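First the structure, which I've put down as structure tokens, then a few questions once you've had a look.
Note that the coordinates shown come from a computational prediction; the quantities given were computed from them, not determined experimentally. Throughout, protein chains are lettered first and strands after them, A, B, ... in sequence-line order, and every chain is numbered starting at 1.
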There are 2 protein chains.
Amino acid sequence: MNHRQATGPDNTLQPTVTPLDTAPLYQRVADRISNRIYDGHWRPGETIPNEFALADEFSVSQGTVRKAMSVVEEAGLVVRQQGRGTFVRKLSEERSYFHFFRLAHPQGERVTPEPHTETVFKRQANNHEQSSFGINAKDSVVVIERLRLVDGVRATREHVVVPDSLFAGLADFDDALPQALYPFYHQRYGIFVLRADEYVSAITADKKIATDLKIKINSPTLQVNRTAFDMKDRVVEIRTSQFRADLFQYNVNLS
Amino acid sequence: MNHRQATGPDNTLQPTVTPLDTAPLYQRVADRISNRIYDGHWRPGETIPNEFALADEFSVSQGTVRKAMSVVEEAGLVVRQQGRGTFVRKLSEERSYFHFFRLAHPQGERVTPEPHTETVFKRQANNHEQSSFGINAKDSVVVIERLRLVDGVRATREHVVVPDSLFAGLADFDDALPQALYPFYHQRYGIFVLRADEYVSAITADKKIATDLKIKINSPTLQVNRTAFDMKDRVVEIRTSQFRADLFQYNVNLS
DNA sequence: GAGTGGTCTAGACCACAGC
DNA sequence: CTGTGGTCTAGACCACTCG
């Protein structure tokens, strides 16, 4: 039972039992729990064993499991509910949608677009994609191009690139892809998008953009470049989107 | 010492000692600590009494103070340093700067602009300002208008509005205001900006903007509308900024 | 070495969900 | 009623900072 204390019941004063890993115990427990989620040992939506059971299994106190679970919760992998249990987080439409989709009307309400057209194909990775995804020149990527409507009007244009290696068979997917891609990534490929960097710029529409969005060439347009990271902090998606600047603002809450 | 337990040393089985306030104890302690910071009892940079001293004063265990302090830390009011102590947070240039100033070069590095011109004056609050700040039609606001340079070129234009009631004497300030306003708000007025909502839009430069930024009329321009909140969640500043879209992107990290 | 925050344990009780 | 996570305590020891 005693792991770090030097005051064991026998007086041999052994310093500790194989410290080696210097990280706090709760951190190591948090890692083991996280890994079980990554490798699918516990699936999204599933109930995790309760704190005492885990404490028993890992031979630590319930308080340590508790602290570890806080770390895992903060990382966004689980949800705790008093009286019910602790559950592996499901990336819901709601979360992925309003967490990562930051468009708002000029008045401030958030926007919900509808799908319009979609093209999916595979090609070789370019230099930027190779370095971002950590893949080779020979490796291919899957490109998803979409137009979306808001109130029946073409409003957004998305260019999504993911590495073929992580998303096997995506290019040959039969049906239309779901509206929200991140829950789909999670359910089908076990890839959980947890954070993203975005760069917002103001550009003037070129011919292609103008045609797609049915606006005049040189109209002011919002462009968002996103790099998305999964729970292992790998780059898993590179996305470029354009939006009609007369219809939308990009909203963010800083804290 | 015992506050909530019903199993006191004497067997009278009194339920609890004046619960009334139903919030968890650590939360109530966190509130008391926060209030001491708000009202200046402990000043920015000052060391807070250690956990055992506070536990003693509040008649709770050190573990409870510890948990309370985590809450206060998460709220951004204090900084804890192992081996040294716990300190009331100072809003440093660095924090306010790179936390709230989200501009980046197209290549990605963050931008640091230099001051150029500054105008400060007082006027009546308009409708939007009245409702945002919760003030009356008769109340006045202070307006700060600034141009800033990047690499010697006019690059950003800021229009800052704050309520006169919270910022007494600001309009009559003699010297130029400091580069970073939020540390100044904090030091001089005790107002600690903790979060902000921002709306980014792509506009075309009108005559005024074009003149100020020395760009052509109708040039694409990034506009950021910010509403800033202090630690008591009051709206304390409304800011509208324009940036040359050819020089900058707006960067944000979502998680 | 003294003092601080950080970790860990063991055990009690509370609040909530659900049968 | 039972089981879950949430709160609280008391006390030990660890890791770090600083004089």
Side-chain angles (χ1 to χ4, degrees), chain A residues 1-9 13-31 33 46-74 78-89, chain B residues 1-9 13-31 33 46-74 78-89:
Chain A
M1 191 60 70
N2 70 317
H3 287 263
R4 303 168 68 85
Q5 279 74 11
T7 57
L13 200 27
Q14 48 198 344
T16 53
V17 180
T18 52
L20 273 171
D21 191 339
T22 177
L25 187 49
Y26 73 84
Q27 192 51 260
R28 272 138 51 201
V29 171
D31 287 345
I33 293 171
E46 197 173 323
T47 306
I48 286 181
N50 75 48
E51 296 177 345
F52 286 98
L54 290 175
D56 216 54
E57 186 190 340
F58 294 137
S59 301
V60 299
S61 77
Q62 177 255 5
T64 298
V65 170
R66 185 161 189 72
K67 173 93 175 154
M69 208 53 96
S70 297
V71 172
V72 178
E73 182 183 37
E74 215 163 339
V78 301
V79 175
R80 294 196 279 190
Q81 283 179 253
Q82 178 170 162
R84 302 223 307 132
T86 300
F87 307 89
V88 179
R89 184 160 193 170
Chain B
M1 191 58 69
N2 70 316
H3 288 263
R4 303 168 69 85
Q5 280 74 9
T7 57
L13 200 27
Q14 48 199 344
T16 52
V17 180
T18 52
L20 272 172
D21 192 340
T22 177
L25 187 48
Y26 73 85
Q27 192 50 261
R28 272 138 50 201
V29 171
D31 287 344
I33 293 171
E46 196 172 324
T47 306
I48 286 181
N50 75 47
E51 297 177 345
F52 286 97
L54 290 175
D56 216 54
E57 186 190 341
F58 294 138
S59 302
V60 299
S61 76
Q62 176 255 4
T64 298
V65 170
R66 184 161 188 71
K67 174 91 176 156
M69 210 52 98
S70 296
V71 171
V72 178
E73 183 183 35
E74 216 163 340
V78 301
V79 175
R80 293 196 278 189
Q81 284 178 252
Q82 179 170 159
R84 304 222 308 131
T86 301
F87 308 88
V88 179
R89 183 162 196 167

- request: Can you tell me the distance, in whole Å, between the CZ atom of R28(A) and the C1' atom of dC14(D)?
  value: 13 Å
task: Only counting residues at least two apart or in another chain, list the ones meeting side-chain hydrogen bond (donor to acceptor under 3.5 Å, both in side chains) with E51(A).
output: Q62(A), R66(A)
statement: Testing dC8(C), dT9(D), dT9(C) for proximity to the side chain of Y26(A), the answer is dC8(C)
Nearest-Å distance for atom pair CZ/C1', residues F87(B) and dC18(D): 11 Å
- prompt: Roughly how many Å is it from CG in D56(B) to C1' in dA10(D), rounded to a whole number?
  reply: 14 Å
query: Which whole-number value in Å describes the distance from L25(B) CG to dA15(C) P?
result: 13 Å
query: Taking only residues two or more places apart in sequence or in another chain, which ones pass side-chain contact (heavy atoms from CB on, under 4.5 Å) with D31(A)?
result: Q27(A)
Counterpart residues, side-chain contact (heavy atoms from CB on, under 4.5 Å), relative to D56(B) (two or more places apart): none
Atom pairs, protein N/O to nucleotides 1-5 of chain D N/O, distance under 3.5 Å:
| residue | atom | partner | partner atom | Å |
| --- | --- | --- | --- | --- |
| dG3(D) | N2 | G83(A) | O | 2.7 |
| dT4(D) | OP1 | N50(A) | ND2 | 2.7 |
| dT4(D) | OP2 | N50(A) | ND2 | 2.9 |
| dT4(D) | O5' | N50(A) | ND2 | 3.4 |
| dT4(D) | O2 | G83(A) | N | 3.2 |
| dG5(D) | OP1 | T86(A) | N | 3.4 |
| dG5(D) | OP1 | T86(A) | OG1 | 3.2 |
| dG5(D) | OP2 | E51(A) | N | 3.2 |
| dG5(D) | N2 | Q82(A) | OE1 | 3.4 |

Please output the side-chain donor-acceptor pairs of residues 78-88 of chain A that fall under 3.5 Å, not counting sequence neighbours, one pair per line with the distance.
| residue | atom | partner | partner atom | Å |
| --- | --- | --- | --- | --- |
| R80(A) | NE | E73(A) | OE1 | 3.4 |
| R80(A) | NH2 | S70(A) | OG | 2.8 |
| R80(A) | NH2 | E73(A) | OE1 | 3.2 |

message: Run the salt bridge (Lys or Arg N to Asp or Glu O under 4.0 Å) test against E46(A) and tell me which residues pass, sequence neighbours left out.
response: none
- prompt: Yes or no on side chain to side chain contact (heavy atoms under 4.5 Å, CB included) for L54(A) and I48(A), after CA distance, side-chain angles and deciding distance?
  reply: CA-CA 9 Å; L54(A) 290 175; I48(A) 286 181; 3.8 Å; yes
query: What is the distance, rounded to the nearest whole Å, between atom NZ of K67(A) and atom C1' of dG6(C)?
result: 8 Å
